[in-house]
Amino acid sequence: MHVRKQRLLTPGPTPLYPRSLQAMMASDIHHRTEDFRTVYRAALKDLKEVLGTSNDVLVFCSSGTGAMEAAVSNLFSRGDKVIVCSAGKFGERWVEIASAFGLDAVVLKAEYGDVVSPERVEQALAANPGARGVFVQASETSTGAAHDVRAMAQIIGKTEAIFVIDAITGIGTMPLDIDGWGLDVVIGGSQKAFMIPPGLAFMSISPKAWRFAETANLPHYYFNLKKEKKSADAGESSWTPSTSLILALGAALQYIKQFGMDKLVENAQLLARATREAALALGLELFAPNSPGSSVTAIKAPEGMDSGVIVKEFRTRFGSIIANGQGTMKGKIFRIAHLGYFDFADLFAVIAELELILAANGRPVTFGTGVAAVQKVYAEAALPKATVVS
Ligand SMILES: *Cc1c(COP(=O)(O)O)cnc(C)c1O
C-alpha cells in the first residue's frame, strides 16, 4: 500500500485556491447587510477588472448552464432564428437549450475533435439574414478544441445578430478581448479557471445585447438579467446568494488580479503545450490536433485499450481524478486539465503517473520520456537559456 492523496485534475471542478477555501468559513453573514454588500460590490468590480471589460457583469447562483439558459431566455423570443456552432457535448447543450425555448436553430455541426470555422459562420449568416444570434463555445471542453471567437466576432459584428459565447473554460485559458473584439455575451463558471467550487455563473452583457433584452419575450423568472442588474447596482443579488462562494470568489479574484489574467492564460497555454508534447513523445494521439485549446487536452487511449481503464487507474493507483470522454467519446479518450490553479508540479506528476499506468497495462514505455518533454517546455520557458540542453 502507498499513501494516495486525492488530486482533482478535471476541467471542472478544478483544484481549489486555498485562500478561497479559508474565506468560505466566514459565511455566517447575512446577505442583506452592508457587510455583505461590501463583499459583493468588491467581487463584481474585481470580476469586471479580471475579465477586462466595461460591459455589465452579473453573477448567478447556478452552475454555468444556468447562465447559458439565462442568455437564451432573456435575450430572445419564440421562433427567433439563431445559428448554433456545435462541436461537442457543450455545443449540443446550446442546441438543446435553444430548442427547449422554441428558437429556430440553424446548427453548424463539426465532428468531435474539430471546430466550426469562421467561414461557415459567415456563410450561415449570409444564408439567414434575419438571424438574431450566434452561439458558440470558446473552448469545447468535451473534445479539447478551441474556436476562433475573434474571427467570428469580426463577422458577427457587421450584422444585427448578437454573439453569445460559452467561455466557461475559455476564460483564463485563451485571450478574450470582450470590448475590443465585440463579444456581446460572455459566460463563465466558478469551478473552472476561477479555482473555486461549483455554484456560480458569470455573464458579461454588451449594450447591443441589452437592447435585445428590451424586446425579448421568452418566459423566465429566477434568471432575470434586468432585475439582476438592478440588484447588482445596489450591491446585492436578486435572491439569496451563495454567500460562501461569493467569499471564495473574492479571494480568488484577488489572486488572479495580483497574478495577472494574461499570466493565468499563459500558464494554461504552456501546460497544454507541454501535455501535447508529452503525449506525442509517448506515442499517443491527440483528439483535437488541429485546433487544440488550453483548458484541457484530450488524448486518445492507445489502440485496444479503454480510456476508462486509464481514468480508473489514475484514481486507484494515485488518487488522481482525471476525466474520461463524454457521450460517444467515453472509453476512447481521457482528458487532462490545465485551467486555473494548475502548476507544472501537477503536470510532472500526471505524466509520470500516465507512463506508469501505460506500462502496467502492457504498453512499451521508456520511463521519463513524457516527463522529459514537460521538463523541456518548462526549461525553455523559465530557465536561463545557457542551462537548457536539448
Ligand atoms: C463546465 C462547462 C459548462 C457548464 O457546465 P455546468 O455543469 O453547468 O457548470 C458549460 N460549457 C462548458 C464548455 C463547460 O466546460
Side-chain angles (χ1 to χ4, degrees), residues 8-16 51 58-73 84-98 100 109-110 112-116 134-149 152 163-174 176 183 185-204 222-223 242 245 248-249 252 264-265 268 272 287-288 291-298 321-327 329-330 333-342:
L8 200 53
L9 305 163
T10 49
T14 60
L16 301 175
L51 292 177
L58 301 178
V59 173
F60 301 98
C61 295
S62 72
S63 77
T65 307
M68 293 169 74
E69 174 171 324
V72 171
S73 68
V84 182
C85 304
S86 175
K89 295 310 288 179
F90 292 102
E92 288 160 21
R93 191 168 298 181
W94 272 140
V95 176
E96 286 165 9
I97 298 171
K109 218 170 157 48
Y112 289 163
D114 222 328
V115 291
V116 177
V134 178
F135 294 82
V136 78
Q137 270 65 39
S139 149
E140 175 50 76
T141 320
S142 66
T143 68
H147 278 109
D148 187 348
V149 293
M152 287 182 182
F163 193 16
V164 183
I165 301 157
D166 164 1
I168 294 176
T169 55
I171 294 169
T173 68
M174 56 167 66
L176 287 169
L183 311 181
V185 175
V186 176
I187 294 166
S190 57
Q191 81 275 31
K192 311 284 173 134
F194 291 95
M195 47 189 95
I196 62 173
L200 294 179
F202 316 118
M203 188 195 291
S204 74
Y222 185 82
F223 297 110
S242 310
L245 288 174
L249 178 65
L264 191 67
V265 169
F287 189 62
S291 313
S294 299
S295 65
V296 63
T297 298
I321 317 292
I322 66 156
N324 200 328
Q326 296 168 263
M329 292 169 276
K330 190 168 181 186
I333 59 172
F334 59 98
R335 294 173 297 145
I336 296 168
H338 321 296
L339 69 177
Y341 204 54
F342 271 92

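Remember, it's 1-based here, ligands and their atoms both numbered in the order they're listed.
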Tell me: protein heavy atom nearest [atom], and distance?
atom	answer
atom 2 (C) of ligand 1	Lys192 NZ, 2.7 Å
atom 11 (N) of ligand 1	Asp166 OD2, 2.6 Å
atom 9 (O) of ligand 1	Gln191 NE2, 2.8 Å
atom 6 (P) of ligand 1	Ser63 OG, 3.3 Å
atom 4 (C) of ligand 1	Ile168 CD1, 3.7 Å

Is the shortest side-chain heavy-atom distance between [X] and [Y] below 4.5 Å?
X	Y	result
Leu264	Met195	yes
Val136	Phe163	yes
Leu176	Leu183	yes

Subject >> Contact with ligand 1 for Glu140, non-hydrogen, under 4.0 angstrom >> reply: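 For ligand 1, residue contact (heavy atoms, under 4.0 Å) with Glu140 is absent.
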**OP:** Using modelled atom types only, decide if a donor and an acceptor are shared between the side chain of His147 and the backbone of Val115 within a distance under 3.5 Å.
**Re:**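 Checking the backbone N and O of Val115 against the side chain of His147, no donor-acceptor pair under 3.5 Å is found.
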Subject >> Backbone of Ala87 reached by a side-chain donor or acceptor of Glu140 within 3.5 Å >> reply: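 Not confirmed, Glu140 side chain does not pair with Ala87 backbone.
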Subject >> Given Ser139, Ser295, Ser294, the one that forms side chain to side chain contact (heavy atoms under 4.5 Å, CB included) with Met174 >> reply: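 For Met174, the side chain to side chain contact (heavy atoms under 4.5 Å, CB included) check succeeds only for Ser139.
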**OP:** Report, in ascending order of atom number, the atoms of ligand 1 lying under 4.0 Å from any heavy atom of Thr141.
**Re:**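 Numbered from 1, ligand 1 contributes 12 (C), 13 (C), 14 (C), 15 (O).
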**OP:** Select the closest option to atom 5 (O) of ligand 1 among Lys89, Arg93, Gln137, judged by heavy-atom distance.
**Re:**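 Nearest option to atom 5 (O) of ligand 1, by heavy atoms: Arg93.
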Original post:
Hey, is ligand 1 close enough to Gly64 that some N/O pair sits below 3.5 Å?
Top reply: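 N/O-N/O distance under 3.5 Å: yes.
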Subject >> Pair Lys89 + Glu92, salt bridge at N-O below 4.0 Å >> reply: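 Looking at Glu92 together with Lys89, the answer is yes, because their closest N to O distance falls below 4.0 Å.
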Original post:
Should the proximity of Ser139 to ligand 1, defined as any heavy atom under 4.0 Å, be assigned to the side chain, the backbone, both, or neither?
Top reply: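 For Ser139, only backbone atoms sit under 4.0 Å from ligand 1.
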**OP:** Have a look at ligand 1 and work out which part of Thr65, if any, has a heavy atom under 4.0 Å from it: side chain, backbone, both or neither.
**Re:**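 Looking at Thr65 and ligand 1, atoms from backbone and side chain both fall under 4.0 Å.
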**OP:** Check whether the side chains of Thr297 and His338 place a donor and an acceptor atom closer than 3.5 Å, and report yes or no.
**Re:**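 Yes, because at least one side-chain N or O of Thr297 sits under 3.5 Å from a partner of the opposite role on His338.
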